[in-house]
Amino acid sequence: MKTRPPSGTRDFLPDDIRRREHVIGVVRTVYERYGFEPIETPAFENIETLLGKYGEEGNKLIFKILKRGEHERTGEADLALRYDLTVPLARVVAQYQNQLPKFFKRYQIQPVWRADRPARGRFREFFQCDIDAIGSTSTLVDVELLSSASEVLGRLGFHDFVLRVNHRRALTALLECAGVPMEQHTDALIALDKLDKIGLAGVEQELSARGVEIEATKACLDFFSDARRDEPSQDVPLQRMREFVKSHAAGASAVDELREIVQLAEATPAQGRIRIDPSLARGLSYYTGAIMEIAVPDLAGSLGGGGRYDNLIGMFLGHDVPATGLTLGLERIIVVMTERGMFPPEVGRGGVDVMVTLWNVESRADAVALARELRQGELRVDVYPDADRLGKQFKYAASRRMPFVAIVGDDERARGEVAVKDLRSGEQTAVPRAEAARFIASRLANNG
RNA sequence: GUGGGUAUAGCUCAGUGGUAGAGCGCCGGACUGUGGCUCCGGAAGUCGCGGGUUCGAACCCCGUUACCCACCCCA
């Protein structure tokens with residue numbers, strides 16, 4: 001029987017859980033500080049809720065659940081696993097419209113499933129940490145998203161991330177001004193999105209392969225030939241976009257929105273992080289306005305992404321409600337933090353503060369009594385179950401990374417003491433039994 | 001879905017046709033009141049799976065499965 005979990009999924013052992021909970025704790029704290037409130041939604045949705053929301057590629061990657069019973073052999077699906085947290089939110093907003101505040105800000109940390117081929121930092125089951133702000137078209141909320149993501153990453157110890165920002169309407173305007181017909185926009189965006197990977201010549205090849213005319217291809221390349229990704233100054237790309245789309249009213253206003261976002265962000269933790277990236281496209285089809293992606297140098301994919309989707313809720317409700325959101329990819333953050341050794345020491349410590357050793361079989365009752373006393377002092381306490389020789393018990397405690405062991409031998413019992421040994425320093429102290437818990441707790445507080 | 005690579009002990013890997021190996025880990029002992037250091041000993045492998053070539057295959061050939069890397073797409 002094979003014991004490996006299905007490809008693209010993982011079991012989380014205690015060390016993994018500690019790392020995950022550390023990151024989730026920071027994410028939740030920051031999100032709540034920005035006024036986002038938690039919701040959860042089911043692991044699966046009616047399939048029609050999901051289909052047609054993510055684009056052609058997305059449709060293929062949805063995990064479908066077969067109908068049960070007599071319909072099973074037809075292979076027909078009526079349910080599907082959640083593909084992201086944004087579409088379920090849109091459904092929730094449409095369903096509970098009159099119970100939700102005018103400006104609804106929610107966060108949601110749950111797994112999603114994609115029928116992708118697994119790769120480094122890419123899983124078929126993974127957690128997203130979403131924040132979304134419903135009900136406002138203001139660029140102020142887009143900036144709050146960028147700000148909270150920056151604060152999360154900053155607190156986790158990231159100092160080299162950038163927030164790439166672009167605008168769907170600005171992209172549309174750019175392509176229209178270059179002479180790319182509307183029906184080729186999706187293809188053209190896919191090609192342009194690869195600019196930093198395959199270069200100008202590659203994009204040119206890709207565009208013509210996708211049937212974009214020479215003239216339009218040339219016009220696109222003219223614009224993008226000077227575009228440098230991740231350039232710190234935002235004025236240059238904004239100026240160039242503005243100039244290129246000046247005859248296009250919607251495009252010009254989109255560029256103005258981008259400029260507002262850059263300016264507002266200066267007063268937030270996102271300050272200095274934003275890079276206007278005219279080639280950023282993003283795959284999901286529901287985006288309508290500003291789009292964003294979070295990148296670090298040592299990861300091919302992104303740590304997170306998001307954007308404005310002003311008419312997704314309308315697909316459920318019948319009339320549009322503006323919305324914008326962003327997600328952080330939990331496992332991508334953990335992959336980079338693990339590789340870089342960014343977890344603080346207390347996360348690496350095990351789940352036990354002190355182990356009570358077992359002196360001999362006769363003292364078992366005393367060992368559990370001591371464990372109880374130490375637990376009453378708010379310590380996490382394990383009791384060694386067998387009367388093995390002390391060396392073996394110590395070795396076990398050290399291998400579990402337990403910082404302290406407590407020993408009550410015949411001598412200690414006679415004096416009403418506990419011998420407390422710090423396994424990290426090797427230092428051993430005899431303390432009155434009533435003081436033992438406080439002694440250990442204060443040592444833990446002093447040096448993690 | 002496309003291309004490339006890998007598969008040998010719990011882990012990391014060596015082994016280019018002739019007796020299955022190392023380091024780490026694990027267990028025991030030196031050490032019946034003390035882990036890490038040292039020394040001694042020990043357990044542990046259908047060499048991914050199936051077929052073929054050969055007197056003989058971990059090694060060569062064919063197939064297959066799993067995993068890894070890159071691409072596509074994305075968190």
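Reminder, nothing fancy here: chain letters follow the sequence lines and each chain counts from 1.
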Is the charged tip of Arg443(A) near the ring of Phe404(A): under 6.0 Å from the six-membered ring centre and within 45° of its axis?
no
Return the value, rounded to whole Å, for the distance between atom CG of Leu358(A) and atom C1' of G35(B).
17 Å
Could Arg114(A) and Tyr83(A) be counted as a cation-pi pair, given that NZ or CZ must be under 6.0 Å from the ring centre and within 45° of the axis?
yes
Given G35(B), A75(B), C67(B), which nucleotide is nearest the side-chain atoms of Ser302(A)?
A75(B)
Taken to the nearest whole Å, CG/Asn360(A) to P/U34(B) is 15 Å
Could you tell me whether the side-chain ring of Phe127(A) sits stacked on the base of A75(B), using a centroid cut-off under 5.5 Å and a plane angle under 30°?
no
Under a 4.0 Å threshold between the charged nitrogen and the carboxylate oxygen, would Asp116(A) count as salt-bridged to Lys60(A)?
no
Does a donor on one side chain sit under 3.5 Å from an acceptor on the other, for Thr49(A) and Asn46(A)?
no
Check the distance between A75(B)'s P and Arg164(A)'s CZ and give it to me in whole angstrom.
13 Å
Nearest-Å distance for atom pair CD/P, residues Glu331(A) and A75(B)
13 Å
Can you tell me the pairing partner of U53(B) across any strand shown, Watson-Crick or G-U wobble, with both distances under 3.5 angstrom?
none
Taking the basic N atoms (NZ, or NE/NH1/NH2) and the acidic carboxylate oxygens, is any pair closer than 4.0 Å for Glu331(A) and Arg122(A)?
no
Tell whether Arg120(A) reaches the base of C69(B) with its side chain through a donor-acceptor pair below 3.5 angstrom.
no
Is the distance between the ring centroids of Phe36(A) and Tyr107(A) under 6.0 Å?
no
For Lys60(A) and C74(B), give me the distance from atom NZ to atom P, rounded to whole Å.
12 Å
With a 4.0 Å cut-off on heavy atoms, is Ser399(A) in touch with a base, just the backbone sugar-phosphate, or nothing at all?
nothing
Could a donor-acceptor pair under 3.5 angstrom be found where the side chain of Gln428(A) meets the base of U34(B)?
yes
For G63(B) and U19(B), measure between their P atoms and round to the nearest Å.
29 Å
Answer with base, sugar-phosphate or nothing: what part of the nucleic acid does Gly426(A) contact at a heavy-atom distance below 4.0 Å?
base
Across the strands shown, which category fits Arg332(A) at heavy-atom distances under 4.0 angstrom: base, sugar-phosphate, nothing?
base
Using purine N1 to pyrimidine N3 plus N6-O4 or O6-N4 for Watson-Crick, or N1-O2 and O6-N3 for G-U wobble, each under 3.5 Å, what pairs with G17(B)?
none
Of the nucleotides G35(B), G33(B), A75(B), which one has an atom closest to the side chain of Leu390(A)?
G33(B)
C74(B) P sits how many Å from Arg122(A) CZ, rounded?
10 Å
Short side-chain N/O contact to G28(B) OP1/OP2 from Lys392(A), under 4.0 Å:
yes
Taking the six-membered ring for Trp, are Phe127(A) and Phe12(A) parallel (under 30°), tilted (30 to 60°) or perpendicular (over 60°)?
perpendicular
Applying the Watson-Crick and G-U wobble criteria at under 3.5 Å, what pairs with C31(B)? Answer none if nothing qualifies.
none
Across the strands shown, which category fits Glu412(A) at heavy-atom distances under 4.0 angstrom: base, sugar-phosphate, nothing?
base
Counting just side-chain N and O atoms, does Arg117(A) come under 4.0 Å of either OP1 or OP2 of C71(B)?
no
Per the atom types in the model, does the base of G35(B) pair as donor or acceptor with the side chain of Lys421(A) at under 3.5 Å?
yes
How far does the C1' atom of A44(B) sit from the matching atom of A22(B), given to the nearest Å?
15 Å
Under 4.0 Å, counting only non-hydrogen atoms across every strand here, what does Ile407(A) touch: a base, just sugar-phosphate, or nothing?
base
Using a heavy-atom cut-off of 4.0 Å across all strands, would you classify Asp411(A) as base, sugar-phosphate, or nothing?
base
Checking N1-N3 plus N6-O4 or O6-N4 for Watson-Crick, or N1-O2 and O6-N3 for wobble, each under 3.5 Å, the partner of G10(B) is C24(B)
Base paired to G1(B) (Watson-Crick or G-U; both N/O distances under 3.5 angstrom)
C71(B)
Pairing partner (Watson-Crick or G-U wobble, both distances under 3.5 angstrom) of C47(B)
none
Between P of A75(B) and CH2 of Trp113(A), the distance in whole Å:
16 Å
Rounding to an integer number of angstrom, what distance separates C26(B) and C67(B) when you compare their P atoms?
29 Å
Starting at CG of Leu299(A) and ending at C1' of A70(B), how long is that distance when rounded to a whole Å?
14 Å
Would Asp132(A) and Lys105(A) satisfy salt bridge (Lys or Arg N to Asp or Glu O under 4.0 Å), going step by step from the backbone distance to the final call?
CA-CA 6 Å; Asp132(A) 292 80; Lys105(A) 294 171 77 176; over 6 Å; no
What is the nucleic acid contact for Arg282(A), judged by heavy atoms within less than 4.0 Å: base, sugar-phosphate only, or nothing?
sugar-phosphate
Name the nucleic acid region contacted by Gly304(A), choosing base, sugar-phosphate or nothing; use a 4.0 angstrom heavy-atom cut-off, strictly under.
sugar-phosphate
What's the gap between C13(B) and C47(B) when it is taken at their C1' atoms, as a whole Å value?
13 Å
